[in-house]
Amino acid sequence: MRARHLAPAALLLPFTLLLAACGGSSRAEGGGGTGSGTDGKGSLTLNVGDQKGGSEALLRAAGELDDLPYKIKWSTFTSGPPLLEAVNAGAVDVGAVGNTPPVFAAAAKSKIKVIAGSHSRSDGETILVKKDSPLKRPAQLKGKSVAVAQGSSAHYQLVASLKKAGLTTKDVTLNYLQPADALAAFTRGKVDAWAVWDPYTSQALDQADAQVLTTGQGLVNGLSFQVAAPAALDDKKKSAALKDYTDRLRRAQNWVFKHPDVWAKAWAKETGLPEKVALDAVKRTRGTAVAVAVDKAAIASEQQIVDSFAALKLIPRSFDFGEFVDPRFNGDLPPSGTAPRTYGKAH
C-alpha cells in the first residue's frame, strides 16, 4: 500500500508524536525512549525541555552530545506552551520553541528569557486546502472554516495572511485544533482549510491530498528561539553551560544543512515520519535555519506579533517583548534578518 493512501487513523501516530514547538496541549511525556534520559558527565546538570525529534535527536545525530563536560537531563513535551510553563516553574532551564509561544507566555507574565534565535525559510508555514477545493486564494477564505492550533506560529501566519487579503479572524470560523485533530478534521472535510507548519505541511502534502493555498514567506519572521529560566541565567555555572549548549545547537544546525539526507533518516526513525516526508520538511524549512542574534530587529518583529494578538484580544495584555530577551549570548552571531539557507527550489 502506498503511503499516500493511508487512512486518516494511520496518519495520526506521527502527528501525535510530533506536536511541535509552535503550539499544543499541556503535558510532558513520561519515561521511555529518548527525551527521558541523561547525557554527559560532571557535577552540573542542565535541565533541557525538548520535543519528539527535537534538540536531543539533532544533537545526537550531529555528534554534539559526545564529551559533554556537564550533564543534560532531557524532558520531552508535546509542544512549546507546556515547555514554557515548565521554564516558568523552574523545572526546565532551557528549551526550544517557535516565534509565537513566547508571546503568549510573556503576556501571562511568565518568568522566561529568550537567549538565542534561528531564522528559517517560511515555506512550511502554510494554509492548506484539499486538492479539489474551490479555494484558490486567501481572500476566498471569507465565511469558511479554518483549523489552527491556538497560540502557534500558524495562528499568527493565519492572522497575517488574512490581513494581507483584507480580512480578519472575524471573517472566518476558527477551529482551534492541535495537529492530530486538525488532520482528522481536514481529511474528513470538516474544515475548509488548515493553517499549519512543517513537518505537518510536508506530511499533509504527501499523504492527505492537500495543496498549498498560501505560505508565510514574506509574512512571518521565520524565527524560533531558545528560551531559558532567569534563575539559570543568574547561576554562573549554568549560564556557562547554556552558552555551550547554544553553541552545540548552532554547530548541529550547520551539520544538518550539509547532511540533509542523513538527518532526515535519523529524524524519520525518531518520529515515525516517512523518510520522504522528513526530507521534504528538511529541505523546505528545517534544514534552512541559520543561527542569528536576538537583536533589536528580532525584538521589533516579535513586537508586531504581540501587538497583533493584543489588538485581536487573543492575549490578555500588550507588553514590551524586549523585556523578555537576554542578549548575552549574541556574540558575533549575524543579524536576525540574515537570509536563511536554501536547497534551491522550495519543496
Side-chain angles (χ1 to χ4, degrees), residues 20-24 79-81 83-85 87-88 96-122 124-127 138-139 141-142 146-176 195-197 214-228 230 292-327 330 335-338 340:
C22 308
S79 61
L83 192 162
L84 291 186
E85 289 173 16
V87 173
N88 176 57
V97 297
N99 64 0
T100 305
V103 169
F104 277 72
K109 300 183 180 180
S110 294
K111 296 187 287 291
I112 61 168
K113 290 287 186 180
V114 174
I115 62 167
S118 63
H119 187 203
S120 307
R121 290 189 59 82
S122 299
E125 294 272 354
T126 59
I127 299 176
L141 287 170
K142 187 172 184 178
V146 185
V148 65
Q150 187 173 19
S152 67
S153 61
H155 196 173
Y156 180 67
Q157 191 262 123
L158 175 61
V159 168
S161 294
L162 290 172
K163 183 177 180 180
K164 185 179 179 183
L167 304 175
T168 73
T169 51
K170 293 180 180 178
D171 292 308
V172 299
T173 299
L174 294 180
N175 288 258
Y176 288 132
V196 73
W197 60 90
T214 189
T215 76
Q217 199 64 34
L219 285 178
V220 299
N221 60 24
L223 295 174
S224 57
F225 300 111
Q226 293 293 324
V227 181
V292 295
V294 188
D295 54 18
K296 289 182 179 179
I299 292 169
S301 183
E302 288 293 298
Q303 191 66 47
Q304 289 182 4
I305 301 178
V306 172
D307 295 342
S308 294
F309 278 115
L312 293 168
K313 301 192 184 329
L314 293 171
I315 55 176
R317 68 186 184 103
S318 188
F319 59 91
D320 179 0
F321 189 83
E323 293 180 0
F324 294 85
V325 171
D326 187 323
N330 279 350
S336 60
T338 300

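In terms of heavy-atom proximity, L223 sits nearest to A298 at CD1-CB, 4.0 Å. Closest of all the heavy-atom pairs between T173 and N175 is O-ND2, 3.5 Å. Here the closest non-hydrogen pair linking A116 and V294 is C-CG2, 3.5 Å. Taking all atoms of both residues into account, the shortest heavy-atom contact from P102 to I112 is O-CD1, 3.9 Å. Closest non-hydrogen pair, K164 versus L219, comes out as CD-CD2, 3.8 Å. Closest heavy-atom contact between P138 and S161: CB-O, 4.3 Å.
Applying the side-chain hydrogen bond (donor to acceptor under 3.5 Å, both in side chains) test to S118 and every residue at least two apart in sequence or in another chain returns S224. D326 meets the salt bridge (charged side-chain N to carboxylate O under 4.0 Å, His left out) test with R328; sequence neighbours excluded.
Note that OG1 of T100 is 10.5 Å distant from CD1 of I315, once rounded to the nearest 0.5 Å. Interatomic distance, NZ of K163 versus OG1 of T168, reported as 11.0 Å (0.5 Å rounding). Note that NZ of K109 is 11.0 Å distant from CD of E323, once rounded to the nearest 0.5 Å. Once rounded to the nearest 0.5 Å, the distance linking CG of L314 with OH of Y156 reads 12.0 Å. Taken to the nearest 0.5 Å, the OG1 atom of T215 stands 8.5 Å off from the CZ atom of R121. Taking CG from N221 and NE2 from H119, the interatomic distance works out to 7.0 Å, rounded to the nearest 0.5 Å.
Within the 3.5 Å criterion, the main-chain N or O of Q304 finds a donor-acceptor partner in the side chain of S308. Side-chain N or O atoms of Q226 include none that pairs as donor or acceptor with a backbone N or O of I115 at under 3.5 Å. Put simply, the side chain of Q217 gets close to the backbone of S122: a donor and an acceptor are under 3.5 Å apart.
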TODO: Determine, step by step, whether L162 and V146 satisfy the side chain to side chain contact (heavy atoms under 4.5 Å, CB included) criterion, reporting the C-alpha distance in whole Å, the side-chain angles of both residues, the deciding distance to 0.1 Å, and the verdict.
DONE: CA-CA 11 Å; L162 290 172; V146 185; over 6 Å; no
- [ ] Assess whether side chain to side chain donor-acceptor pair (under 3.5 Å) is satisfied between Q157 and S153, documenting all intermediate values.
- [x] CA-CA 6 Å; Q157 191 262 123; S153 61; over 6 Å; no
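Classified by interplanar angle (parallel below 30°, tilted 30° to 60°, perpendicular above 60°), the ring pair F104/F309 is perpendicular. Using the six-membered ring where Trp is involved, F324 and F319 have ring planes that are perpendicular, over 60° apart on the 30 and 60° scheme.
With a 4.5 Å cut-off on side-chain heavy atoms, L141 and D171 do not count as touching. Looking at E302 and V114, their side chains never come closer than 4.5 Å, going by heavy atoms from C-beta outward. The shortest distance between side-chain heavy atoms of S318 and D307 falls below 4.5 Å.
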